[in-house]
Amino acid sequence: MFRDIPKSFYGRPATVVARELIGCRLLVDHPSVGAVGGVVVETEAYASGDPACHAWHLEKKRNKDPMAIGKGHELFGPPGLTYIYLNYGMYWLLNVVTDPEGTPGGVLIRAVEPSLGENIFWENRPKIKKREDLANGPGKLTVAMGIDDRHHQMDVTTGPIRFEKPTRHKSDLEISTSSRVGISQGVDLPWRFFAKGSIYVSRGIPAR
DNA sequence: ACGAGGATGCTCT
DNA sequence: GAGCATCCTCGTG
């Protein structure tokens, strides 16, 4: 079973939230079946002072002009809202804003194991043959679950995208870390978190 | 198993 | 014009 997560959960450092979201359930409202869901098995943290974070260059700019605005400004905003952006001109990527307002931070959801409304996952990704390939990547899970820019800046405690914590604690769930995927800056930081041994984790870096 | 390359659109990293 | 928090297909071993 699952229970709601309070807003205060997200007002903490991105690395902490990223780790604790592993094992939680992601729910997305769906027009025909009510909602689809998946258990989060992989996340990445992006933080203040982190050269790979979308807010990094804005942070530097804001040292001169505190009102400067640009890509990633949402990451400075109140925690617990979604931050969704298009990458490589094709895929929407889902993040949750973390850290107190004024401090940039966010968590990228990279992979889920389908757990509710799985037929929708299959419908949205008709070429896929294996269940573990339905949502084992940040672009794949948004396609599979029907997430796009309509879900941008929504409250994850009340909105169409929500997270729930398992009531049974994750004593049986081991979490591993690694460097982050697909970035060229900050590659040394071990800020990718994933469920050890899960076949639903994305490819690229060995899942141990 | 693994690597190369193309698709595609927004920001200025 | 370059670079990007990606994915898929097709080639080779």
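Keep in mind that the numbers below use all heavy atoms, side chains included, and drop hydrogens, waters and symmetry copies.
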Within residues 143-152 of chain A, which residues have any heavy atom lying less than 4.0 Å from an atom of DNA chain B?
none

A:Arg125 NZ/CZ over A:Phe121 ring centroid, <6.0 Å and within 45° of normal
no

Would you please name every residue forming a side chain to side chain donor-acceptor pair (under 3.5 Å) with A:Arg62, sequence neighbours left out?
none

Are OP1 or OP2 of C:dA5 and a side-chain N or O of A:His54 less than 4.0 angstrom apart?
yes

Please report, rounded to the nearest Å, how far the P atom of C:dG3 is from the NE2 atom of A:His57.
13 Å

Look for any protein N or O under 3.5 Å of an N or O in nucleotides 8-12 of chain B and output each such pair with its distance, or none.
{"from": "B:dT8", "atom 1": "O2", "to": "A:Tyr88", "atom 2": "O", "distance (Å)": "2.2"}
{"from": "B:dC12", "atom 1": "OP1", "to": "A:Lys71", "atom 2": "N", "distance (Å)": "3.3"}

Which atoms of nucleotides 7-10 of chain C (N or O only) lie under 3.5 Å from a protein N or O atom, and what are those distances?
{"from": "C:dC7", "atom 1": "OP1", "to": "A:Pro138", "atom 2": "N", "distance (Å)": "3.2"}
{"from": "C:dC7", "atom 1": "OP1", "to": "A:Gly139", "atom 2": "N", "distance (Å)": "2.7"}
{"from": "C:dC7", "atom 1": "OP1", "to": "A:Lys140", "atom 2": "N", "distance (Å)": "3.0"}
{"from": "C:dC7", "atom 1": "O4'", "to": "A:Tyr91", "atom 2": "OH", "distance (Å)": "3.4"}
{"from": "C:dC8", "atom 1": "OP1", "to": "A:Arg125", "atom 2": "NH1", "distance (Å)": "2.7"}
{"from": "C:dC8", "atom 1": "OP1", "to": "A:Arg125", "atom 2": "NH2", "distance (Å)": "3.0"}

For C:dC4, take OP1 and OP2 only and decide whether either is under 4.0 Å from a side-chain N or O of A:Ser184.
yes

Under 6.0 Å from the ring centre and within 45 degrees of the ring axis: does the NZ or CZ of A:Arg180 meet both conditions for the six-membered ring of A:Tyr46?
yes

Whole-Å gap separating P (C:dG3) and CH2 (A:Trp56):
16 Å

Identify, with sequence neighbours excluded, every residue that meets side chain to side chain donor-acceptor pair (under 3.5 Å) alongside A:Ser48.
A:Glu59

Give DNA chain B the dot-bracket treatment, 5' to 3': Watson-Crick (N1-N3 with N6-O4 or O6-N4) or G-U (N1-O2, O6-N3) under 3.5 Å, [ ] crossing, | other strand.
|||||||.||||.

Within 45° of the six-membered ring axis of A:Phe193 and under 6.0 Å from that ring's centre, is NZ or CZ of A:Arg19 located there?
no

When the ring planes of A:His152 and A:Tyr83 are compared, do they come out parallel, tilted or perpendicular, using 30° and 60° as the limits?
tilted

